[in-house]
Amino acid sequence: GAVVSQHPSWVICKSGTSVKIECRSLDFQATTMFWYRQFPKQSLMLMATSNEGSKATYEQGVEKDKFLINHASLTLSTLTVTSAHPEDSSFYICSARVPATREQYFGPGTRLTVT
Amino acid sequence: DQQVKQNSPSLSVQEGRISILNCDYTNSMFDYFLWYKKYPAEGPTFLISISSIKDKNEDGRFTVFLNKSAKHLSLHIVPSQPGDSAVYFCAASSSWGKLQFGSGTQVVVTP
């Protein structure tokens, strides 16, 4: 299957700072990528849909000014958590959709801890 | 309003036997369905998918069955192996839209 990477795999930051998470499709070009958040023992919660070359589409209740998404190339999307607070601590996962098949492949996830 | 439901939060199965995971959906516009396997602190791993124009898709030990009239799909894993112990999510989408996930089923394969 297709491979999606995320970097970093885990990050600890202080409250008030910003953190950037990268999502890359390694062996295919993805015009659409997705960002999810997973709380403990819960299903994945879609945060936003990232389309290459255009603005991201955010789900209801997700603050677009807090979670900045940039999809500048066909293989890279970034999520920046701005002015992070402890309640932003979570497991963030991206996915990329294979254009021809509709299959979505997920990255390994990024564990964010805000102290 | 959850459009994709996995009503069994857990399933225990003996090694070598068949695992059957079930998923129901309510949105008749869904036309593409996927199954993922997930370990803790990792991203989901794609297993198998099926389009609504089919009623069965097979890939190795994994077979997905789709019953459109009942709005039901199932994943069969045969034979079950210890490494299959994980949480399994079904997901559905319509017209290239976003995926809607079920709540997951924890599978435990016992020796």
Side-chain angles (χ1 to χ4, degrees), chain A residues 1-10 21 23-28 30-51 56-60 62 89-113, chain B residues 1-10 21 23-25 27 29-54 57 59-62 64 66 86-107:
Chain A
V3 180
V4 176
S5 70
Q6 269 183 255
H7 178 80
S9 55
W10 59 272
I21 303 170
C23 176
R24 293 181 185 273
S25 56
L26 298 185
D27 50 3
F28 67 101
T31 53
T32 305
M33 292 184 173
F34 303 86
W35 286 96
Y36 294 83
R37 184 171 176 177
Q38 184 178 32
F39 296 95
K41 298 192 177 181
Q42 290 189 24
S43 186
L44 298 171
M45 183 194 83
L46 178 66
M47 298 174 65
T49 302
S50 167
N51 293 295
T57 303
Y58 291 81
E59 295 300 301
Q60 192 172 11
V62 177
S89 298
S90 191
F91 192 58
Y92 293 87
I93 312 174
C94 71
S95 72
R97 186 162 63 196
V98 178
T101 70
R102 293 176 68 176
E103 292 169 357
Q104 276 191 41
Y105 291 86
F106 285 80
T110 297
R111 169 68 61 189
L112 169 63
T113 301
Chain B
D1 178 32
Q2 197 162 10
Q3 299 182 59
V4 179
K5 297 178 183 178
Q6 293 176 256
N7 292 317
S8 297
S10 64
L21 293 87
C23 180
D24 297 296
Y25 61 96
N27 189 340
M29 299 301 292
F30 287 148
D31 61 354
Y32 189 65
F33 305 87
L34 309 89
W35 283 95
Y36 290 89
K37 171 183 177 180
K38 188 179 183 302
Y39 296 114
E42 293 185 13
T45 300
F46 172 77
L47 290 175
I48 192 168
S49 64
I50 188 167
S51 164
S52 61
I53 62 173
K54 294 185 174 182
N57 190 24
D59 185 358
R61 296 187 300 117
F62 304 97
V64 56
L66 175 62
V87 177
Y88 290 77
F89 291 97
C90 69
S93 74
S94 60
S95 303
W96 293 83
K98 59 190 180 186
L99 291 182
Q100 302 283 349
F101 282 89
S103 54
T105 297
Q106 172 75 57
V107 172

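So that the names make sense, note that chain A is the first sequence line, chain B the second, and so on, each numbered from 1. None of the values given here were measured: they were computed from a predicted structure.
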Whatever's closer than 4.5 Å to a heavy atom in chain A on B/Tyr32 counts as both
Rounded to the nearest 0.5 Å, what separates atom OH in A/Tyr105 from atom OG1 in B/Thr45?
10.5 Å
Going from CG on B/Leu34 to CD on A/Gln104, what distance comes out if it is rounded to the nearest 0.5 angstrom?
7.5 Å
Quick check for you: among A/Thr49, A/Val4, A/Thr32, A/Thr101, which has the greatest number of heavy-atom pairs under 4.5 Å with chain B?
A/Thr101
Measure distances from A/Glu59 to the heavy atoms of chain B and classify the residue's part below 4.5 Å as side chain, backbone, both or neither.
side chain
Has A/Ser43 got a side-chain atom pairing as donor or acceptor with B/Gly102's backbone, closer than 3.5 angstrom?
yes
Taking the side chain as every heavy atom from C-beta outward, state whether B/Ser93 and A/Arg102 have any pair of such atoms under 4.5 Å apart.
yes
Quick check on the interface: out of B/Pro40, B/Ala91, B/Ala41, B/Ser51, who has the most heavy-atom pairs with chain A under 4.5 Å?
B/Ala41
Which pair of heavy atoms, one from B/Glu42 and one from A/Ile93, lies closest together, and at what distance?
O-CD1, 4.3 Å
Which one, A/Gln6, A/Arg111, A/Met45, A/Gln38, leads in non-hydrogen pairs under 4.5 Å with chain B?
A/Gln38
What about A/Phe106 and B/Tyr36, are their ring centers closer than 6.0 Å?
yes
Is the closest side-chain heavy-atom distance between A/Tyr36 and B/Leu99 below 4.5 Å?
yes
Between atom CG of A/Leu44 and atom NZ of B/Lys38, what is the distance when rounded to the nearest 0.5 Å?
6.5 Å
